[in-house]
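Accompanying notes for the structure given below.
Proteins come first, then strands; the chains are lettered A, B, ... in the order of their sequence lines, and each starts at number 1. Fair warning: this is a prediction, and the values are worked out from it, not measured in the lab.
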2 protein chains.
Amino acid sequence: MWMAQRKISNTLALAVLGLLREQPMHPYEMAATLRERHKDSSFKVNSGSLYDTVEALVRHGWIEPVETARDGRRPERTVYATTELGQGEFVRWIDELLRMPVAEYPKFRAAVSYLGALGPDRAAEALVERAGHLAQRIEETNTVLADTVGSGKVPRLFMIETECALHAWEAELAWTRRTIAEIRDGSLFWPKVEQTEQGWTWSAPTSPEGTTR
Amino acid sequence: MWMAQRKISNTLALAVLGLLREQPMHPYEMAATLRERHKDSSFKVNSGSLYDTVEALVRHGWIEPVETARDGRRPERTVYATTELGQGEFVRWIDELLRMPVAEYPKFRAAVSYLGALGPDRAAEALVERAGHLAQRIEETNTVLADTVGSGKVPRLFMIETECALHAWEAELAWTRRTIAEIRDGSLFWPKVEQTEQGWTWSAPTSPEGTTR
DNA sequence: CCCCTAATAGTAGGAACCGACTATACGGTA
DNA sequence: TACCGTATAGTCGGTTCCTACTATTAGGGG
């Protein structure tokens with residue numbers, strides 16, 4: 001009926017193209033390399049998806065098989081390399097992803113949409129737990145950065161997405177903590193919702209700026 | 001081969017459960033209501049997915065059809081309502097999503113991973129464009145907040161996820177601007193990668209703290 | 001030297017997801 | 001009044017994605 005509305009959308013393909021810029025590889029090796037370099041926190045590396053993605057890239061002519069070897073009686077490995085076309089698209093794709101922010105739908109924001117459903121106490125409690133996990137993740141990531149970039153093993157530019165993630169998590173942590181505080185001191189007013197014949201109404205805050213002050 | 005490893009995962013189901021807490025509805029009305037309330041920036045409202053999701057919720061017994069009406073010769077509408085079970089799961093699900101941060105893979109971070117591939121000038125240029133779009137989106141969102149919560153039409157708690165998103169975008173904008181500055185003043189060193197017989201090497205920065213100072 | 005686990009490499013089947021499409025009704029307008 | 005665009009309500013079919021599974025080999029402890 002029609003075709004290929006907009007290239008390949010899974011960013012795992014971006015990772016594949018990036019790796020094949022360095023040297024030809026077989027898919028399993030790609031997955032292993034991505035994990036080694038901690039790129040698996042930026043790309044969802046899933047063996048099933050990986051093989052599908054590689055096939056899609058071949059269909060589009062962005063990469064091509066260069067060799068199928070077999071080591072003993074292990075499964076046959078197909079080694080792929082990029083094409084000129086693939087390298088061009090790689091750069092164009094990165095450029096486009098950087099330039100245009102696209103709508104994303106993080107699970108956390110979905111849950112925050114219905115924060116009200118938990119009631120103030122349970123909501124605050126849940127956010128406290130999240131804050132703890134976030135703080136821990138931030139600390140772990142700082143450790144990773146320290147013994148890769150920090151110790152000069154890897155140039156900073158090669159781990160720049162980790163700094164980006166760190167910044168995002170720190171912001172989320174800050175928002176979470178601020179919101180906990182606002183729930184606790186009552187400055188985030190928690191309306192009581194009631195159904196009347198006219199529809200839904202909610203109680204208004206008793207004073208203009210929050211209840212307590 | 002087996003079943004239901006982990007309840008329903010699409011957060012659109014959360015939105016459905018949230019809406020049905022207020023009153024029974026048919027799917028089309030859910031979509032319309034979500035858009036009216038600006039919840040479509042937290043949930044990906046797609047008619048295809050919506051009907052699939054509703055069916056899945058029925059299969060799990062979280063919601064149930066209560067009526068199938070027909071208005072003239074328009075398509076038949078099936079109206080759904082939540083069940084006790086559904087309401088319980090709704091709250092438990094929100095609680096879980098809030099407590100445990102899960103790995104997400106935003107497209108931007110994937111692209112940032114390969115920022116190096118663009119070269120410093122093009123990378124900076126792309127980030128500048130993104131910063132512009134982000135600033136605009138932030139402004140628009142502020143406008144939306146102003147004439148919903150700001151004018152007292154809607155309690156702040158009901159739009160809290162918008163504040164959350166705003167905070168995240170502001171952080172991303174800040175990181176983007178800082179990174180642009182670092183690229184421009186040379187403090188984000190851009191190594192030149194070369195392939196030798198030993199593998200890959202990259203030029204080290206000429207002075208301990210960045211090249212220029 | 002044998003067993004067990006981890007690593008190696010990939011396959012297969014189904015669920016989830018999404019975009020395009022269908023079909024009717026309604027309101028304005030030329 | 002004939003036409004056109006938009007709102008209503010939902011269906012359909014294919015791609016994408018992912019979970020579980022298969023099969024082999026290397027390595028290490030007992």
Side-chain angles (χ1 to χ4, degrees), chain A residues 1-16 19 24-36 40 43-60 65 67-80 102-105 107 110, chain B residues 1-16 19 24-36 40 43-60 65 67-80 102-105 107 110:
Chain A
M1 200 168 299
W2 63 304
M3 274 210 46
Q5 83 284 23
R6 202 89 201 92
K7 67 173 101 182
I8 289 168
S9 63
N10 192 336
T11 53
L12 188 50
L14 202 69
V16 170
L19 288 170
M25 275 189 203
H26 55 102
Y28 186 88
E29 192 183 351
M30 296 174 201
T33 308
L34 288 174
R35 267 187 281 270
E36 241 175 46
D40 56 337
F43 301 96
K44 186 158 204 167
V45 182
N46 183 316
S47 70
S49 313
L50 179 57
Y51 288 89
D52 285 350
T53 298
V54 164
E55 253 175 86
L57 284 169
V58 172
R59 276 201 306 277
H60 285 257
E67 172 196 8
T68 61
R70 156 163 304 193
D71 209 357
R73 205 160 313 148
R74 293 232 197 89
E76 214 173 50
R77 298 169 317 179
T78 305
V79 176
Y80 298 88
V102 294
E104 315 236 20
Y105 305 89
K107 309 236 178 233
Chain B
M1 202 165 301
W2 67 307
M3 272 210 44
Q5 83 285 26
R6 200 90 204 89
K7 69 173 97 185
I8 288 169
S9 63
N10 192 335
T11 53
L12 188 50
L14 201 71
V16 170
L19 288 169
M25 274 189 205
H26 55 100
Y28 186 88
E29 193 183 351
M30 297 175 200
T33 308
L34 289 173
R35 267 187 280 270
E36 240 175 49
D40 57 337
F43 301 96
K44 186 156 202 168
V45 182
N46 183 310
S47 69
S49 314
L50 179 57
Y51 288 91
D52 285 349
T53 298
V54 164
E55 253 175 86
L57 284 168
V58 172
R59 276 201 307 276
H60 285 256
E67 171 195 8
T68 60
R70 154 164 308 194
D71 207 357
R73 205 159 314 150
R74 292 230 197 89
E76 215 172 51
R77 298 168 318 181
T78 304
V79 176
Y80 298 88
V102 294
E104 314 236 22
Y105 305 88
K107 309 238 176 227

What is the separation between atom [atom1] on [X] and atom [atom2] on [N], rounded to the nearest whole Å?
X	N	atom1	atom2	result
Y51(A)	dA20(D)	OH	P	18 Å
E29(B)	dT8(D)	CD	C1'	12 Å
L50(A)	dT19(D)	CG	P	14 Å
R35(B)	dT6(D)	CZ	C1'	14 Å
Y80(B)	dA9(D)	OH	P	14 Å
R77(B)	dA9(D)	CZ	P	5 Å

| said: OP1 or OP2 of dT8(D) versus the side-chain N and O atoms of Y28(B): is any pair under 4.0 Å? | reply: yes
| field | N or O in side chain of H26(A) less than 4.0 angstrom from dT8(C) OP1/OP2 | value | no
| task | Verify side-chain contact (heavy atoms from CB on, under 4.5 Å) between T78(B) and H26(B), making sure each step is shown before the conclusion. | result | CA-CA 5 Å; T78(B) 304; H26(B) 55 100; 5.8 Å; no
Of all the heavy-atom pairs spanning [X] and [Y], show the shortest one and how long it is.
X	Y	answer
P27(A)	V54(A)	CG-CG2, 4.4 Å
Y51(A)	S47(A)	CD1-O, 3.0 Å
V58(B)	Y80(B)	CG2-CE2, 3.6 Å

| message | Can a donor-acceptor pair be found, under 3.5 Å and without considering hydrogens, that links the side chain of K44(A) to the backbone of T11(A)? | response | no
| query | L50(B) and V16(B): side-chain contact (heavy atoms from CB on, under 4.5 Å), yes or no, with the steps? | reply | CA-CA 9 Å; L50(B) 179 57; V16(B) 170; 3.8 Å; yes
Could you go through nucleotides 12-18 of chain D and list every protein N or O atom that sits under 3.5 Å from one of its N or O atoms, giving the distance for each pair?
{"residue": "dC17(D)", "atom": "OP2", "partner": "N10(A)", "partner atom": "ND2", "Å": "3.1"}
{"residue": "dC18(D)", "atom": "OP2", "partner": "S49(A)", "partner atom": "OG", "Å": "2.8"}
{"residue": "dC18(D)", "atom": "N4", "partner": "D52(A)", "partner atom": "OD2", "Å": "3.3"}

